[in-house]
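Data first, discussion second: the structure below is written as structure tokens.
The sequence lines fix the lettering, A, B, ..., with proteins before strands; numbering per chain opens at 1.
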Amino acid sequence: MSELKQTYDPATIEPRWQQFWLDQNVFHTPNPGDADFDARKPKFYALDMFPYPSASGLHVGHPEGYTATDIVARYKRQKGHNVLHPMGWDAFGLPAEQHAIATNTHPAKTTAQSIATFREQLQRLGFSYDWEREISTADPSYFRWTQWIWKQLHARGLAYESNAPVWWCEVLGTVLANDEVIDGKSERGDHPCERRPLRQWVLRITEYAERLLTELEPLDWSDSLKAMQREWIGKSEGAELDFSVHGHDGVSVRVFTTRPDTLFGASFLVLSPEHALVAVVTSAAQRQAVESYQQAAASKSELERTELAKEKSGVWTGAYAHNPLYPGDDPRGRIPIWIADYVIVTYGTGAIMAVPAGDERDFEFARKFDLAVPGIFAPKSSDAERDGKIARGELCCIDEVPYALHCRTEDGSLALMGLSLAAGKSAAIDWLVARGFGQAKVTFKLRDWLFSRQRYWGEPFPVLHTEEGVELVADDQLPVLLPQMEDFKPGGVPESPLVRAKNWVAVKDRKGRNAKREINTMPGAAGSSWYFLRFCDPTNEREFCSRSASDYWMPVDLYVGGTEHAVGHLLYSRFWTKVLHDAGFLRVNEPIQKLYNQGMIQSFAYQDARGAIVPVKDTKEVGDDVVHAMGGGKLVRIITKMSKRYGNVINPDDVVREYGADTLRLYEMYMGPLADSKPWNPKDVPGVHRFLGRVWRLCVPDDFSAGNLHAHLRSDRTEDAELEKHLHRCIAKVEGDIDRMAFNTAIAAMMIFINEATKRNGALSRSQLLRFCQILSPFAPHIGEELWQRLGGSGLLAYATWPTFDAALLHDLEVEIAVQVLGKLRGHAKVAAGAGNDVLLAAARLAVAAQLEGKTVVKEIVVPGKLVNFVVK
RNA sequence: GCCGGAGUGGCGGAAUCGGCAGACGCACAGGUUUCAAAAACCUGCGCCCGUAAGGGCGUGAGGGUUCAAGUCCCUCCUCCGGCACCA
């Protein structure tokens, strides 16, 4: 590092250190068994949700989470951990392919370009990744193992072919998984989707539903994210029971209910229009009405069925079922069977017993079609009118125990009166089981994972289809590579473009018979469901990851990313990890110990009087106001997401060019709590840059030259005691704040220290500056390393041991306490730290003597070291 | 509708366990330096009354608990995220 510049110039120091870190492999992490591995150190695995390398390059949202994990990774390294901090690319998938089609270039090529751009942009931000562990999910040496893992799933009966209706998106030309379809539209692109039956590969994630639910609980994830997964898995406990159908011997309708205790109030049954028994039970007189309703329901798109759900609709089948509470011929048990599209065929049994007195949907339906609403609860409230309505079945109420008097069978074998909700449910289930009418049943909302796509840019399945059925490609034949194709556009029919690669599709199997390759490819989430494992052992050619590597590194200690992957990626990753664990390939059962969701970085936008968004380039500042540049009224500033349309997108490259990477990192961490969404304010960026400038000048004075490098620094012997105290407090604060992911307040603490040091104008010692550089460097590594070197720190700062603090220096010898009278602050008093209550009280009385004058103190509250409060009369 | 999170100066935010609300940064104002400007540095900066000393008010709204509430409890409003006819 030859030329020593005087002023803080990130443009020269940052690229130099980045190059050095890369050239010297500074952040390479050895694995257990490697020559330079130190088994005495504890491990730490800090992982980012790896990016989807899009053609538009890095967004300011990316470095937010990446900086957070980098701070922790660098901190842990200085604290003596073996740190695994890798980066890679989620490279297969729809957007890459769409971009390739749009630019008429092969996706392999566009993806490689995007990766190169991303890598370069990330390296300009000084992240301490072990680049030797870089992986790409589209790399054959990677997806070979994705295919291999899929074979493990298949071998365990967890991958199967299905012809059930699936979400098909015409515009995207592929089927989509449940989590990729929102309100009947594709998550990506917002295109309409429809249900249609297609042969697809499906993964039996439902087999793991219970474990995915219970094993979620101990994880260190946010409550909201756990709640999202819980709701997605959607466990309901209740019962299945059978209602025999009048006039159809041996035919019964099985329903699922979470409230078997409300059987006393079941006044009709509802089947979904698609239910198989509809055709069986419908009477001749009702057949026409039923069939036209079925047709109407079928022609409604999923969108219409959910969006137009306001008004209930349905048709009576003409049939009656029998409520099992009553003897077989008792007319009181006779209830009509209806069909209605508010009952979903894919959930439960596709049929319900309707209890209008206890379920608002059933109540609404009963009202609309004038069906009976037998009251079953005896509510107790101050509102007599409401109670009366509920008792008479004129109002629906949920969860309202106690049960009404008539909630008992005539022979007394089931009597709910006086029971709690839980006891009522289990009594009802016991009763049903004893008579063979039903049994306890657990139902999940979670569906099996639709695992194939009709697109080119994804992992091929290691599957051949022969006349005798499915045959898997042998392990030693993996990976199955994609064929080179000029035209890889989707075909417009629900069939993969791979069907056109005729030479690729037609193969001979092991025994020399004619076979066809599977033409579907795997979904984007395939490669990302296990990449955290590959990072542990990225170049292994014999296994997806050695046991020794995964045993050592897994689970991930800190995983940072956005909430958008709450039910997709994070659920799939947990599923695959559990399967690999069950198959004996992994010790861990859960991949991610601690998950932290970063907020979104938003931006300012401007609205005119009509509420229309005005692009930022069309605005100008006039005094304190922002107005339309082309003449026009005052604009209102709002906070919204960054968007090309609003012209408010911040490009990280521009920020690095103007202020440097350290400033970008520091600003993104200083904006506010990592988990919060917060707006980018260009005016705030110079603030953190100024702070770095002050740090620089404290180390490198204006009159700096090689000869007087340390002349301005105090020798360590005559260190300023006050500053030393401030430094110890700063170290303690930064440590604690990194531990709780509160990077904004850690930076504020460092600013306070630098302000103190600046005020004392050069009273810092070299040792103090070196220690300060150490705590700064996880946040701003380039300036940290540069100053460390210039100050003559030994070795690389990146691996220098984190400075210690002396707990005795964290507290002053003399403290100022607050003195209150009747809870209002009236004065302050200085006392020795640790002074007894009598000393505090004496000092406090003195401080507020005027306010106590003529009053009687009835109570004295003393909070040692902080506060005294006098309660007076 | 249900679940989760939030609401604090002109702005972003701080207050980690019920104990001095507004740390730190931005913006703004005044000053030092300068031929000048930039940069840098210093000072001030919640609102109201007051020259000041001082006083009153103040953390979305209303109520409550407490010597003491941004923090705990109840009711409500607004915003953000998720789920949504799942029986």
Side-chain angles (χ1 to χ4, degrees), chain A residues 7 182-183 222-228 230-232 234-236 238 255-259 262 270 272 305-306 309-310 312 340-344 346-355 358-362 364-365 443-446 563-564 566-567 597 599-600 602 604 624 637 639 667 670-673 675-688 690-691 693-694 697 702 733 736-737 739-740 742 744-752 755 758-759 761 816-828 858-872:
Chain A
T7 54
I182 297 164
D183 292 337
S222 72
D223 289 340
S224 66
L225 206 112
K226 282 188 188 177
M228 277 191 232
R230 247 181 260 121
E231 276 166 28
W232 188 259
K235 181 178 178 177
S236 299
V255 305
F256 171 71
T257 177
T258 53
R259 293 294 304 272
T262 62
V270 185
S272 78
R305 263 177 88 153
T306 50
K310 296 153 208 140
K312 290 276 179 296
D341 67 0
Y342 82 92
V343 174
I344 296 163
T346 50
Y347 183 77
T349 61
I352 62 160
M353 63 175 208
V355 184
D359 184 291
E360 292 195 33
R361 297 155 300 184
D362 298 343
E364 210 183 301
F365 192 83
T443 299
F444 293 92
K445 279 193 225 173
L446 182 68
T563 45
E564 65 273 19
V567 293
N597 293 115
M600 211 196 308
Q602 301 160 308
F604 295 135
D624 287 342
R637 191 172 83 176
I639 291 167
Y667 175 64
Y670 191 63
M671 291 172 77
D676 290 3
S677 289
K678 53 232 168 233
W680 183 281
N681 186 350
K683 287 197 168 144
D684 285 339
V685 180
V688 289
R690 271 198 281 273
F691 162 67
R694 275 202 291 278
R697 282 192 305 278
D702 291 343
K733 175 76 175 151
D737 282 354
D739 284 338
R740 64 186 184 108
N744 53 332
T745 50
I747 294 166
M750 290 189 277
M751 286 175 167
I752 291 169
N755 289 347
T758 304
K759 228 181 278 176
N761 191 29
E816 194 178 55
I817 62 163
V819 185
Q820 299 180 336
V821 178
L822 281 171
K824 282 190 192 289
L825 184 69
R826 288 294 181 234
H828 288 98
V858 293
K859 199 169 179 187
E860 292 159 337
I861 286 116
V862 180
V863 183
K866 285 203 170 155
L867 168 145
V868 171
N869 187 12
F870 293 108
V871 185
V872 298

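To the nearest angstrom, P of B:C24 lies 15 Å from CG of A:Asp737. Here B:A84 presents its P atom at 9 Å from CD of A:Glu231, a figure rounded to the nearest Å. Taking atom CE of residue A:Met228 and atom P of nucleotide B:G4, one finds them 12 Å apart after rounding to whole Å. Atom pair A:Ile747:CD1 and B:G25:C1' shows a separation of 10 Å (rounding to whole Å applied). Taking atom NE2 on A:His828 and atom C1' on B:A21, their separation rounds to 12 Å, with Å as the unit. To the nearest angstrom, P of B:A38 lies 13 Å from CZ of A:Arg690. Protein atom NZ of A:Lys312 is 14 Å distant from nucleotide atom P of B:A87, rounded to whole Å. Rounded to whole Å, the distance from CZ on A:Phe444 to P on B:C83 is 20 Å.
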Would you tabulate the pairs of protein nitrogen or oxygen atoms and nucleotide nitrogen or oxygen atoms of nucleotides 55-59 of chain B closer than 3.5 angstrom?
| residue | atom | partner | partner atom | Å |
| --- | --- | --- | --- | --- |
| B:G56 | OP1 | A:Arg826 | NH2 | 3.3 |
| B:G56 | OP2 | A:Arg826 | NH1 | 3.4 |
| B:C57 | OP2 | A:Lys824 | NZ | 3.4 |

Can you give me the N/O atom pairs linking the protein to nucleotides 63-67 of chain B at distances under 3.5 Å, or say none if there are none?
| residue | atom | partner | partner atom | Å |
| --- | --- | --- | --- | --- |
| B:C67 | O2' | A:Asn869 | ND2 | 3.2 |
| B:C67 | O2 | A:Asn869 | ND2 | 2.7 |

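For B:G62, the base adopts the anti conformation, since its glycosidic angle falls more than 90 degrees from zero. The glycosidic torsion of B:C67 lies more than 90° away from 0, placing the base in the anti range.
Separating the C1' atom of B:U8 from that of B:A69 is a span of 14 Å, rounded to the nearest Å. Between B:U78 and B:G58, the two P atoms lie 24 Å apart (nearest whole Å). Comparing the P positions of B:A38 and B:U59 gives a spacing of 40 Å, expressed to the nearest Å. Taking atom C1' in both B:A15 and B:C20, one finds a spacing of 11 Å when rounded to whole Å. Taking the P atom of each, B:C74 and B:G5 are spaced 14 Å apart, rounded to whole Å. Comparing the P positions of B:A21 and B:G30 gives an interatomic distance of 31 Å, to the nearest angstrom. Spacing between B:U71 and B:C3 at atom P, rounded to whole Å, works out to 22 Å. To the nearest whole angstrom, the two P atoms, one in B:G46 and one in B:A84, are 48 Å apart.
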*Apply side chain to side chain contact (heavy atoms under 4.5 Å, CB included) to A:Arg697 and A:Arg694, showing your working.*
CA-CA 5 Å; A:Arg697 282 192 305 278; A:Arg694 275 202 291 278; 3.5 Å; yes

_Show, in sequence, the C-alpha distance, side-chain angles and deciding distance for A:Thr745 and A:Arg740, and conclude whether the side chain to side chain contact (heavy atoms under 4.5 Å, CB included) test is met._
CA-CA 10 Å; A:Thr745 50; A:Arg740 64 186 184 108; 3.6 Å; yes

*Might you work through the side chain to side chain contact (heavy atoms under 4.5 Å, CB included) test for A:Met751 and A:Val688, ending with a clear yes or no?*
CA-CA 9 Å; A:Met751 286 175 167; A:Val688 289; 3.9 Å; yes

*asked:* side chain to side chain contact (heavy atoms under 4.5 Å, CB included), that's the test. Do A:Met671 and A:Asp684 meet it? Break it down for me.
replied: CA-CA 9 Å; A:Met671 291 172 77; A:Asp684 285 339; over 6 Å; no

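Where A:Ile752 and A:Leu225 meet RNA chain B, the nucleotide closest to each residue was compared, and A:Leu225 sits on the side nearer the 5' end. Nucleotides of RNA chain B nearest to A:Gly672 and A:Ser236 differ in position, and the one nearer the 5' end is that of A:Gly672.
By the ring-ring contact (aromatic ring centres under 6.0 Å, His included) test, A:Trp232 pairs with no residue at all, sequence neighbours left out. Among residues two or more places apart in sequence or in another chain, the side-chain hydrogen bond (donor to acceptor under 3.5 Å, both in side chains) test is passed with A:Lys445 by none. In this structure A:Ser677 satisfies the side-chain hydrogen bond (donor to acceptor under 3.5 Å, both in side chains) test with no other residue, sequence neighbours excluded.
The CE atom of A:Met353 sits 9.0 Å away from the CG atom of A:Asp362 when rounded to the nearest 0.5 Å. Note that the CD atom of A:Glu364 and the OH atom of A:Tyr342 stand 9.0 Å from one another [nearest 0.5 Å]. Atoms OH and CD1, on A:Tyr670 and A:Ile747 in that order, are 8.0 Å from each other to the nearest 0.5 Å.
Of all nucleotides listed (B:A14, B:C85, B:C42), B:C85 comes nearest to the side chain of A:Tyr342. Comparing B:A15, B:C42, B:C3 against the side chain of A:Ala227 picks out B:C3 as the nearest. When distances run from any side-chain atom of A:Ala818 to the nucleotides B:A87, B:A23, B:C20, the shortest one goes to B:C20. Among B:G12, B:A87, B:G19, the nucleotide with an atom closest to any side-chain atom of A:Val863 is B:G19.
With a cut-off of 3.5 Å on both Watson-Crick or G-U wobble distances, the partner of B:C76 is given as B:G60. Both distances falling under 3.5 Å, in either a Watson-Crick or a G-U wobble arrangement, place B:U32 opposite B:A40. With a cut-off of 3.5 Å on both Watson-Crick or G-U wobble distances, the partner of B:C2 is given as B:G82. Using Watson-Crick or G-U wobble geometry with both donor-acceptor distances under 3.5 Å, B:G19 finds its partner in B:C67.
Residue A:Arg697 has a polar side-chain atom (N or O) positioned under 4.0 Å from OP1 or OP2 of B:C41. Contact check, A:Arg230 against B:G82: no side-chain N or O comes under 4.0 Å of OP1 or OP2. Remark: A:Tyr347 is in phosphate contact with B:A87, judged by side-chain N or O atoms under 4.0 Å from OP1 or OP2. Contact check, A:Asn744 against B:A14: a side-chain N or O comes under 4.0 Å of OP1 or OP2.
Using a 4.5 Å cut-off on side-chain heavy atoms (C-beta onward), A:Ile639 and A:Phe604 make contact. Side-chain contact check for A:Leu822 versus A:Val871: some heavy-atom pair is nearer than 4.5 Å.
Of the residues in residues 678-685 of chain A, those with a non-hydrogen atom less than 4.0 angstrom from any atom of RNA chain B are A:Lys678, A:Lys683, A:Asp684.
For the residue pair A:Asn681/A:Tyr667, the side-chain donor-acceptor check at 3.5 Å is not satisfied.
A donor-acceptor contact shorter than 3.5 Å links the side chain of A:Ser222 to the backbone of A:Leu225. Remark: side-chain polar atoms of A:Asn869 are paired, donor with acceptor, to backbone N or O of A:Gly823 under 3.5 angstrom.
A donor-acceptor contact under 3.5 Å is not formed by the side chain of A:Lys866 with the base of B:C20.
Among the heavy atoms of the strands, none lies under 4.0 Å from A:Asp676. A:Pro686 comes within 4.0 angstrom of nothing in the nucleic acid, heavy atoms only.
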